[in-house]
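Predicted model, so just to flag it, every value in this text is computed and none were measured. Starting from 1, each residue takes its place in the sequence as its number. Atoms within a ligand are numbered from 1 in the order they appear, just like the ligands themselves.
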Amino acid sequence: MSTPAIQQPVFLCGMMGAGKSTVGQALATLATLPFTDLDREVETTAGKSIAEIFRDDGEPAFRTLESSLLLSLAESAAGVVALGGGALQNQHLVDHIKLQGWLVFLNPPIDLLAKRLHHRKGRPLLQQSDRALRDILTEKMEQRLPFYQQAHITVSADSGKPDETAQQILKKIRTHEGNA
Ligand code: S3P
């Protein structure tokens, strides 16, 4: 049997608009591995969209479902998993994910995130139309950076070319696996 391109599951974290889903898909294709999107798992389990979960049940209910699915995915995941921007809610989750696989942080500049997210569609946390998008993103980033920064691997993911970022990640993972 041939050796898989990556020996442990890969979890992609980072802000909304960082490209976790597109880069995750590209990395999975490149490494011939399955791809899972945590947001889609949440929607499938709840039987409704994330916007509907926030509207009907509130953010705390969303976070409870998100973290329980993340914990169970971490046990069984193979391949590449894209997390939601707020999925690393606490130190316990970060520690758990890092024990199960590679944690990769996609970290494009806030200005690029704001540009990509200007329509704010489908993302309940961005629906405060009276606040500048950049301010909301900066505030969230400040809260989340202490968790994101614990990733094994960080990439700037600012080229707008998911295949290029995926190549970069694969190369870094191979170096880490070679050293592990
Ligand atoms: C969220 C990010 C979203 C989704 C939800 C909350 C966040 O996922 O999980 O709207 O708290 O940053 P993406 O990062 O894939 O947009």
Nearest heavy atom to atom 6 (C) of ligand 1, choosing from Arg63, Glu66, Gln89, Gln143, belongs to Arg63
What atoms of ligand 1 come within less than 4.0 Å of a heavy atom belonging to Gly86?
7 (C), 11 (O), 12 (O)
Distance under 4.0 Å to a non-hydrogen atom of Phe62: what atoms of ligand 1 satisfy this?
5 (C), 9 (O)
At what distance is the nearest protein heavy atom to atom 15 (O) of ligand 1, and which residue and atom is it?
Asp39 OD2, 2.9 Å
Nearest heavy atom to atom 7 (C) of ligand 1 wins, so pick from Arg144, Gln127, Arg40.
Arg144
Give the atoms of ligand 1, by number and element, whose distance to some non-hydrogen atom of Pro124 is under 4.0 Å.
10 (O)
Flag, side chain of His152 to backbone of Leu103, donor-acceptor distance under 3.5 Å
yes
Which atoms of ligand 1 sit under 4.0 Å from any heavy atom of Leu125?
7 (C), 11 (O)
Considering only heavy atoms of Lys20, which atoms of ligand 1 have at least one such atom less than 4.0 Å away?
13 (P), 14 (O), 15 (O)
May I ask you to say whether Lys172 pairs ionically with Glu177, meaning some side-chain N is under 4.0 Å from a carboxylate O?
no
Might you confirm whether atom NZ of Lys98 has over 12 heavy atoms from other residues, nucleotides or ligands at distances under 6.0 Å?
yes
Tell me, please, which residues at least two apart from Glu43 pass salt bridge (Lys or Arg N to Asp or Glu O under 4.0 Å).
Arg40
Measure the acute angle between the ring planes of Phe62 and Phe54, then classify it against the limits of 30° and 60° as parallel, tilted or perpendicular.
tilted
NZ/NE/NH1/NH2 to OD/OE distance under 4.0 Å, Arg63 and Glu66
yes
Could you go through residues 31-39 and list every donor-acceptor pair under 3.5 Å that involves a side-chain atom there, pairing it with any protein atom two or more places apart or in another chain?
| residue | atom | partner | partner atom | Å |
| --- | --- | --- | --- | --- |
| Asp37 | OD1 | Asp39 | N | 3.1 |
| Asp37 | OD2 | Ser21 | OG | 2.7 |

Note: ligand 1 atoms sitting under 4.0 Å from heavy atoms of Arg123 are 16 (O)
